[in-house]
There are 2 protein chains.
Amino acid sequence: MDGYDMHAFEPFAVTVDLAVFTVRAGVLQVLLVERGQEPYAGQWALPGGFVLPRESAETAARRELAEETGLSDVSGLHLEQLRTYSEPDRDPRMRVVSVAFAALLPDAPEPTGGGDAASARWLPCEGLGPLAFDHDRIVADAHERIGAKLEYTCLATAFCPPEFTLGELQQVYETVWGTVLDRPNFRRKVLTTPGFVEQVPGGARLTGGRGKPAALYRAGGATTAHPPLLRPAAPAGGAGRAPDPPAPAAGTATGSSARPGSGSPTAADPSREGRSA
Amino acid sequence: MDGYDMHAFEPFAVTVDLAVFTVRAGVLQVLLVERGQEPYAGQWALPGGFVLPRESAETAARRELAEETGLSDVSGLHLEQLRTYSEPDRDPRMRVVSVAFAALLPDAPEPTGGGDAASARWLPCEGLGPLAFDHDRIVADAHERIGAKLEYTCLATAFCPPEFTLGELQQVYETVWGTVLDRPNFRRKVLTTPGFVEQVPGGARLTGGRGKPAALYRAGGATTAHPPLLRPAAPAGGAGRAPDPPAPAAGTATGSSARPGSGSPTAADPSREGRSA
DNA sequence: TCTTTAATGGTCAGTGCGACTATAAAGAGT
DNA sequence: ACTCTTTATAGTCGCACTGACCATTAAAGA
């Protein structure tokens with residue numbers, strides 16, 4: 001950053017783009033908005049916007065996240081800078097440099113429509129048509145980054161509500177990685193990693209599931225997993241076995257989507273049924 | 001990135017900053033330039049400069065890297081986007097958003113002075129005084145990122161010349177991590193990781209070192225290490241045992257610094273002495 | 001020649017993990 | 001009420017990897 005007075009410099013527009021993910025009904029989903037004007041009118045794009053004169057990219061990203069999701073408190077949500085996209089022609093109108101962020105949401109408080117965007121929707125990450133600008137690549141990069149961070153951090157809890165079962169936590173891994181994990185082994189790994197999760201004093205979840213009620217856990221204090229929880233090496237040909245998403249039955253859905261109420265996920269939900277000793 | 005026509009937007013200056021690292025004489029060093037003008041005149045800063053109107057940040061970074069190091073061919077060097085720094089007041093003169101990159105060089109072709117900067121120098125990463133702007137933080141972030149990537153990638157070879165010994169490779173790990181590793185165990189791990197390194201057909205290095213001549217290796221085709229080469233967990237209190245850098249003796253220096261000639265490190269150096277069956 | 005240094009080869013026990021079996025506790029169907 | 005299905009949880013067994021060692025080889029230096 002030397003040589004200030006030696007070159008003329010071109011001004012750039014600086015924006016943020018948000019890749020907001022959630023796991024819903026066993027499918028990884030991204031928050032997208034439908035573009036109203038050219039270019040790419042009618043196509044899906046990542047939410048985002050300009051960085052204002054007196055804010056950092058992180059501040060702008062958190063502001064946009066709040067606007068776009070309609071959540072009142074986004075301070076606790078995981079928001080992480082991904083990388084900056086600066087190809088000269090990525091926006092046909094002008095020179096735009098965009099700082100991309102990845103954000104993780106636990107429950108999906110059904111779109112919003114709060115901010116700039118008229119229509120915002122959660123769409124499955126897999127097989128979505130071409131997005132506006134270079135947003136396909138941003139989504140792919142963000143997906144890959146999150147998958148990698150699940151291995152050596154405790155980030156997966158950011159996809160879960162304040163209290164969750166180990167089955168829900170496992171489904172986060174399986175959904176992001178697109179693999180199936182052995183349940184007892186996953187359980188052992190998570191429980192023996194100090195500070196990954198901690199059991200909530202006296203609770204077990206009853207009604208939602210079909211089987212034995214599962215114990216509830218909270219995120220522990222640890223941020224990194226040592227040693228890491230490695231994703232199973234792809235055997236050889238093609239992708240590993242993908243877990244089938246639970247059947248999209250209405251009403252009492254399977255597993256994680258059975259959670260009632262999508263309001264503020266701040267306090268423990270008292271409508272969660274029976275709690276044994 | 002929606003809502004273009006709804007806001008006025010402020011133009012930003014966009015720059016790149018380069019954290020260029022090398023391992024020299026058992027010490028991790030960064031390439032720094034001395035600032036000539038205010039602000040921070042006389043202080044050390046990272047090399048970098050403006051992104052030109054028709055180039056991406058990556059292109060600008062590679063251009064600056066070539067200018068600053070004076071190397072003719074920087075195409076093979078490892079250059080990786082770190083993150084973008086955009087705090088509103090990080091430059092007192094104007095709003096500057098900077099995309100930071102980390103680059104790794106094998107041998108250190110003693111500074112340069114080629115590009116913009118009058119005086120460029122390698123300085124040890126540890127205990128350098130306050131740098132200009134937020135460059136301390138960039139260096140710290142880059143160091144941490146590189147240390148982490150050594151664990152699960154084969155990146156360490158980017159610090160080594162085209163042909164190297166396992167001792168040199170190990171010193172890269174020890175220097176970046178600030179720990180001591182067990183030599184036989186390190187050797188076993190590297191050699192059993194498929195594609196990490198491959199032995200050069202019939203060579204062993206003779207003169208430089210004091211002990212038994214070491215076999216020469218090249219970087220293999222692999223980019224990731226599965227399972228990773230985990231950095232030893234810090235025992236409890238404070239940092240792990242730091243390796244003492246070899247005594248800074250002149251002339252025939254110890255170990256890795258014994259390599260002759262600092263010119264273009266493209267082809268295998270024929271001045272490398274004796275080569276047994 | 002003897003010592004020092006570093007590379008290389010090998011052993012051995014503990015840990016972690018994958019694969020697998022077994023049991024417990026709920027709902028659904030008959 | 002009983003069985004079947006489903007899910008959570010407990011436990012076992014063997015292999016692979018790792019960390020801590022020890023031994024040998026081959027050079028340089030005293």
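All chains are named by letter (A, B, ...) in the order of the sequence lines, taking the proteins before the strands, and each is independently numbered beginning at 1. Given the structure is predicted, the values throughout are model-derived calculations rather than measurements.
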* Asked: Run the salt bridge (charged side-chain N to carboxylate O under 4.0 Å, His left out) check on A:Asp141 and A:Arg137 step by step: do they pass?
  -> CA-CA 6 Å; A:Asp141 289 350; A:Arg137 194 151 114 71; 3.6 Å; yes
Send over the distance from [X] [atom1] to [N] [atom2], rounded to a whole Å.
| X | N | atom1 | atom2 | result |
| --- | --- | --- | --- | --- |
| B:Arg183 | C:dT5 | CZ | P | 13 Å |
| A:Lys189 | C:dG18 | NZ | C1' | 13 Å |
| B:Lys212 | C:dT3 | NZ | C1' | 18 Å |
| B:Phe186 | C:dT8 | CZ | P | 12 Å |
| A:Leu229 | C:dG18 | CG | C1' | 13 Å |
| A:Leu181 | C:dG18 | CG | P | 9 Å |
| B:Arg210 | C:dT5 | CZ | P | 6 Å |
| A:Leu230 | C:dC17 | CG | C1' | 10 Å |

* Asked: So which one's nearest nucleotide on DNA chain C is more toward 5', B:Asp182 or A:Pro184?
  ->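 Taking each residue's closest nucleotide, the earlier one in sequence belongs to B:Asp182.
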* Asked: Between B:Asn185 and B:Gly167, who's closer to the 5' end of DNA chain C by nearest nucleotide?
  -> B:Gly167
Using a 4.0 Å heavy-atom cut-off, does [X] contact any base of the nucleic acid, only the sugar-phosphate backbone, or nothing at all?
| X | value |
| --- | --- |
| A:Arg187 | sugar-phosphate |
| B:Arg188 | base |
| B:Pro232 | nothing |

* Asked: To the side chain of B:Ala214, which of D:dT9, D:dT18, C:dT8 is closest?
  -> C:dT8
* Using the six-membered ring wherever Trp is involved, compare the ring planes of B:Tyr173 and B:Phe196 and label them parallel, tilted or perpendicular (cut-offs 30° and 60°). => perpendicular
* From OH (A:Tyr217) to CZ (A:Phe164), nearest 0.5 Å -> 9.5 Å
* Asked: So, does A:His143 use its side chain to make a donor-acceptor pair with the main chain of A:Val176 at under 3.5 Å?
  -> yes
* Asked: Would you find a donor on one side and an acceptor on the other, under 3.5 Å apart, between the side chain of A:Thr22 and the backbone of A:Pro106?
  -> yes
